Amino acid sequence: MTNLPKIYTPQEIEGKWYQLWQKNGYFHAEATSDKPPYAIVIPPPNITGSLHIGHALDNTLQDCLIRWRRMQGYNTLWMPGTDHAGIVTEIIMERQLAEEGISRTDLGREKFIERMWQWKDESAGYIVSQLQQLGCSCDWERERFTLDEGLSKAVRTAFVKLYNQGLIYRDTYMGNWCPHCNTVISNLEVEPIEIDGNFYHIRYPVKDSDVVLEIATTRPETMLGDTAVAVHPEDERYQHLIGKTALLPLCDREIPIIADIYVDREFGTGALKVTPAHDTNDYEIGLRHDLEQRTIFTPDGYINENAPDNYIGLPQSDCRKRVVEDLQNLDYLVKIVPHRHAVGHHDRCSTVVEPAISPQWFMNVRPLAQRAIEATKKGEVKFIPERETSRFYHWMENIEPWPISRQRWWGHRLPIWYCNACEAVTAAMETPQECECGASDFRQEEDVLDTWFSSGLWPFSTMGWPENTEELKTFYPTSVLVSGWDILFFWVARMIMLGLGCRDEVPFRTVYLHGLVADEKGQKMSKSKGNSIDPLETIDTYGTDAFRFALVNASTPNPYVSLPESQIEAGRRFANKIWNAARFILMNLEKHPVPTRMDAVEAGLPSLYKQETLEIAWIRSRLSHTITTTTDAFENFRFHEAAQTLYAFLWHEFCDWYLEFAKQRVSQNEPEALWVAADVLEQTMRLLHPLMPFLTEEIWQQLPHGGSRSESSEKGSVTVSSWPEPIGGNPAAEATMATLMEVIESVRSIRGELNVPIGASVEVHIQSPNAEVRERLEAYLAQYLPAFTKVANITIAESLSKPRASAEAVIGELAIYIPLADIIDLDAEHARLSKRHQQAVKDVMAAQKTLDNPNFIQRAPEKVVAQKRAQLERMLMEQEKLARSLAMLTESEKED
RNA sequence: GGGCGGGUAGCUCAGGUGGCUAGAGCGACAGCCUUACAAGCUGUAGGUCACAGGUUCAAGUCCUGUCCCGCCUACCA
């Protein structure tokens, strides 16, 4: 007796299989192979991070694709690895240091980097083991890290290459400065957040005049760095002031009043204070008018010595308060008006970003963006869903230079060397030997590269580039990139540009951008918001497979996917259902083992099965259909469709119907139906394996999978079994079964609605004018009906009169009568029939209306017309029968 | 300001190129411990597909407009 527990306990079985898969090297891809290649590179998670819900979704989908293709016989490579993740990682380390009471600068660059590596070495295995817990079938032998020697070489190679092409250059420009992180960041890293601020209206006196110019600003402290006031050149109010000089309050400085078309006459007071060092637009105006760029902040956000003495050293926020106070005391402040506006924050540390001028390294991405657009238009890379393509184009067409240097320590130092003698700049793989000037004393650039620079090389740096490796020859361009749409610009676009820039080829053929997991308010789940599901807790509670199923099932084409706990619960129930179906089959197989091929040969059987009964033909047809639909769903990245198809087939066809038939067959000593059940379940476990790898392996291992398919029996795991092939549908069997099901459902419905006691047997009388239908019902109904409801006796005739006090159901031309003399509640039956009759009348009218339209007959395709006619015919029959029965029922009520 | 996505059952969502009587899960109600599964089984209820027009023989699906919701993007201090 098989001793499988009644309740599926994932914890007991999930642990063991991963080790077996690993040990047998199922996940390893060969660099050269006869099999067609299929490759995905993982979006590398932060080396020190832990699995969050976004990873769980992203990697589950990738694992589905990889497992599916592996079973299809592809040479599948899922390239795993981790990212050093620059600034984020440093921020977390700084917090750790702060707890010890030290700062990054206390430690110094060298010691800090040492600490980072130490921490990396301690925590590196964590995220990897979590991915393994999730079941990810990555080729771990190839695991990479962005700061590895190999990848660092790729970074330097790419940098030098692009530098030599003139695409990387140094410039002093206004960028987004994070005073907390002490570095410049790119536009993408700035998150505008709406805040309730104020508009401060301030009087600027005009020199040698009684006139005061009123300006409005949201950042009054920046006035300390003002070097002009601007008005619109055609603004009549201020014509007479253009060219004059304003007296800057609090600063005792004189600044020119200039005219610039940037100024919006309608906005604020129409006069704009100009701070070229601390505002992007003012910077531009400053360049046009050759204004002084007066920086008043230190890099870490304090007031510097360019401001009047009494402000120096204040933090920016304190300075604002002080400036406002002083303006008020000296009567320069006109008013403060509440004003809601968007303020840029650093997406990693949430600090307000300061526009600031600094020398930085940039990449001119425009030519590469152009090539990326062309490659996409040529179809070399395809975005799914398609709407992402236009987002991609829009971004690429308006792309701006990418600031790639960061004033940080954790990352790749730019391979730029300055000659200490003549300051000549050299980009090179290693420290240069000698400068043009003859000196040989160099210093390397202090800055490190934006972390996305190295991730942008990921698809080929992980495969050994710049060497022309076998891996690159086999797997590049990779097949698919799977990621959330939120990092399309950060990462995906840059990979495409750098792939083209470094290898003249797009890095992947297809980009699948899945939705983001949202909470019940529709907000993206993220750890920082605290609204996130913890994948590990979820796995503990529900099991990995249940969680994975829920994730895949939730992966609709929507940009946001919602994952209520009930969905995960549904996944668990599904797992349990499968478990019990398997348990049932395995228990019965002990009594009725599947004959081996040898037995079959000895018995002289042409095949394992004596005959294909209706239910066998039906379930095989449905399985075939399921195989086709599931495969098609994967082909088209319609993950939820795969999940739903398998769920519906397994639960509502296989369990609800087929296993009930099989039960009865087994009890009649016809075990073929059971053997087919085992076969169908075995194939379904293969179909479901990409979604639920652990459970399907556990069951597959216990099911007989030898039989006629010797191929899979030689292999030791469903992981490397073959993807099922459809055998084709059987429309005749499906049609007959549909009728039988309808009859069974009608009987059950009557029993339910009229409260026939569970134990009571009923007689079933069926009337049908169609001989063929009668014959089929005759042949099968007696066999099948008792499996679903208690019946005493079944009568089928061409015509029979409705037995007295019976309930009735109508299916097309079929009428079903169930005599319920003792128990029938005529009122209830009347209500039941009347409800159905009303519905029938409505349906008939709708169909009639369509068919009455001559244009419909004329213009609709014949097939549609024929369909409609058949539909109406059937409805009419039902309606008439129901009407007659209602009339009879009313009469018999009168008699009573 | 521009762009994108969404509004379908009480809730969360499916409904590729227009054509079965608009579906599922959860929840609700009624009845069942039927020896695989009570994490189960059976039955029932519940929808003017946001609104208004239009195209079409036919619209949840295509077009236009309106109203909400969300997101992305933009230099209004």
Side-chain angles (χ1 to χ4, degrees), chain A residues 4 6-8 192 199 215-219 222 230 262-264 266-269 271-275 279-284 339 341-342 385 387-388 390-391 394-395 398 485-486 488-489 516 518 520-524 546 553-554 556-567 569-588 636 638 640-641 644 647-648 652 655-656 659-660 663 745 748-753 755 757-759 788-790 839-840 842-843 846-847 850 853-861 863-865 867-868 870-871 874-875:
Chain A
L4 295 175
K6 274 172 91 161
I7 302 285
Y8 171 58
F199 239 151
I215 59 94
T217 179
T218 53
R219 298 192 304 158
T222 61
Y262 168 75
V263 179
D264 182 346
E266 312 296 318
F267 193 81
T269 61
L272 172 71
K273 65 187 268 311
V274 184
T275 322
D279 183 278
T280 316
N281 300 305
D282 294 5
Y283 175 76
E284 299 288 339
H339 179 61
H341 61 137
R387 69 175 115 88
E388 299 295 341
S390 46
R391 271 184 74 221
H394 185 256
W395 178 258
N398 297 290
W485 53 261
D486 54 335
L488 173 61
F489 306 142
L516 310 180
E520 57 286 346
K521 284 178 231 142
Q523 299 281 309
K524 178 187 163 182
N553 197 36
T556 68
N558 261 353
Y560 287 95
V561 305
S562 75
L563 193 68
E565 191 144 359
S566 62
Q567 284 290 318
E569 174 64 30
R572 170 164 73 170
R573 290 187 195 181
F574 184 44
N576 191 56
K577 185 75 180 177
I578 298 165
W579 177 258
N580 276 289
R583 200 164 73 94
F584 170 75
I585 290 168
L586 290 168
M587 280 177 352
N588 280 284
N636 295 295
R638 300 172 68 83
H640 71 290
E641 198 176 293
Q644 277 167 23
Y647 183 97
H652 296 305
C655 289
D656 285 356
L659 287 185
E660 295 306 317
K663 267 181 199 169
E745 279 166 345
R748 286 205 296 215
S749 174
I750 286 172
R751 294 188 63 130
E753 284 189 70
N755 296 318
I758 295 301
F788 296 92
T789 187
K790 279 208 155 92
Q839 185 59 47
K842 247 167 73 181
D843 293 344
T850 306
N853 185 341
N855 283 327
F856 173 71
I857 311 289
Q858 233 168 52
R859 301 196 194 176
K863 199 179 136 197
V864 174
V865 177
Q867 224 170 5
K868 205 45 136 184
Q871 192 189 71
R874 182 188 158 119
M875 283 171 173

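Just so we're on the same page: letters track the sequence lines, and every chain starts at 1. Bear in mind the structure is a predicted one, so any value in this text is a computation, not a measurement.
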For [N] and [M], measure between their [atom1] atoms and round to the nearest Å.
N     : M     : atom1 : answer
B:A59 : B:G54 : C1'   : 11 Å
B:A24 : B:U42 : P     : 13 Å
B:U17 : B:A77 : P     : 42 Å
B:U55 : B:C75 : C1'   : 43 Å
B:G70 : B:C33 : C1'   : 47 Å
B:C20 : B:C11 : P     : 27 Å
B:G25 : B:C68 : C1'   : 27 Å
B:A52 : B:G7  : C1'   : 16 Å

Donor-acceptor contact present, side-chain [X] to main-chain [Y], <3.5 Å:
X        : Y        : value
A:Arg583 : A:Tyr8   : no
A:Asn576 : A:Arg572 : no
A:Asn636 : A:Arg638 : no

Under 4.0 Å, counting only non-hydrogen atoms across every strand here, what does [X] touch: a base, just sugar-phosphate, or nothing?
X        : answer
A:Ala570 : sugar-phosphate
A:Leu563 : nothing
A:Asp843 : base
A:Phe574 : nothing
A:Trp485 : sugar-phosphate
A:Glu388 : nothing

Give the intermediate values and the outcome of side-chain contact (heavy atoms from CB on, under 4.5 Å) for residues A:Glu660 and A:Asp656. CA-CA 7 Å; A:Glu660 295 306 317; A:Asp656 285 356; over 6 Å; no
[atom1] of [X] versus [atom2] of [N]: gap in Å, rounded?
X        : N     : atom1 : atom2 : answer
A:Asp264 : B:C75 : CG    : C1'   : 11 Å
A:Arg572 : B:A38 : CZ    : C1'   : 13 Å
A:Gln567 : B:C11 : CD    : C1'   : 11 Å
A:Trp395 : B:C71 : CH2   : C1'   : 15 Å
A:Asn580 : B:C41 : CG    : P     : 10 Å

Side chain of [X]: nearest nucleotide among [options]?
X        : options             : value
A:Asp656 : B:U42, B:G5, B:A36  : B:U42
A:Tyr560 : B:A77, B:C26, B:G70 : B:G70
A:His652 : B:C37, B:G25, B:G31 : B:G25
A:Tyr647 : B:C4, B:G25, B:G70  : B:G25
A:Leu659 : B:A77, B:A36, B:C26 : B:A36

Name the pairs: protein N/O against N/O of nucleotides 15-20 of chain B, kept only if under 3.5 Å.
{"from": "B:C20", "atom 1": "O3'", "to": "A:Gln871", "atom 2": "NE2", "distance (Å)": "2.7"}

Considering residues at least two apart in sequence or located in another chain, which fulfil the side chain to side chain contact (heavy atoms under 4.5 Å, CB included) criterion with A:Thr218? A:Phe199, A:His339, A:His341
Think A:Lys663 forms a cation-pi with A:Phe584, using NZ or CZ under 6.0 Å from the six-ring centre and within 45 degrees of its axis? yes
So, does [X] get its side chain near the phosphate of [N], meaning an N or O under 4.0 Å from OP1 or OP2?
X        : N     : value
A:Ser749 : B:U44 : yes
A:Ser562 : B:C13 : yes
A:His339 : B:A77 : yes
A:Arg573 : B:G40 : yes
A:Asn558 : B:A14 : yes
A:Arg748 : B:G43 : yes

According to the Watson-Crick and G-U wobble definitions, with both distances under 3.5 Å, which nucleotide is paired to [N]?
N     : value
B:C71 : B:G3
B:G31 : B:C41
B:U64 : B:A52
B:G46 : none
B:A22 : none

Atom CD of A:Glu565 with >12 non-hydrogen neighbours under 6.0 angstrom: no
Once rounded to the nearest 0.5 Å, what's the spacing between atom CG of A:Leu586 and atom CH2 of A:Trp579? 9.0 Å
Any chance the side chains of A:Asn281 and A:Tyr262 put a donor and an acceptor closer than 3.5 Å? yes
Kindly say whether, by distance alone, the side chain of A:Lys577 makes a donor-acceptor pair under 3.5 Å with the base of B:C37? yes
Kindly say whether, by distance alone, the side chain of A:Glu753 makes a donor-acceptor pair under 3.5 Å with the base of B:A45? no
Pick the nucleotide of RNA chain B nearest each of A:Met875 and A:Thr556; which residue has the one closer to the 5' end? A:Thr556
Shortest non-hydrogen pair, A:Thr269 vs A:Ile215, comes out as OG1-CA, 3.5 Å
I'd like to know whether A:Val274 forms a side-chain contact (heavy atoms from CB on, under 4.5 Å) with A:Asp279, so could you lay out the CA-CA distance, the side-chain angles of the two residues, the decisive distance to 0.1 Å, and finally the verdict. CA-CA 8 Å; A:Val274 184; A:Asp279 183 278; over 6 Å; no
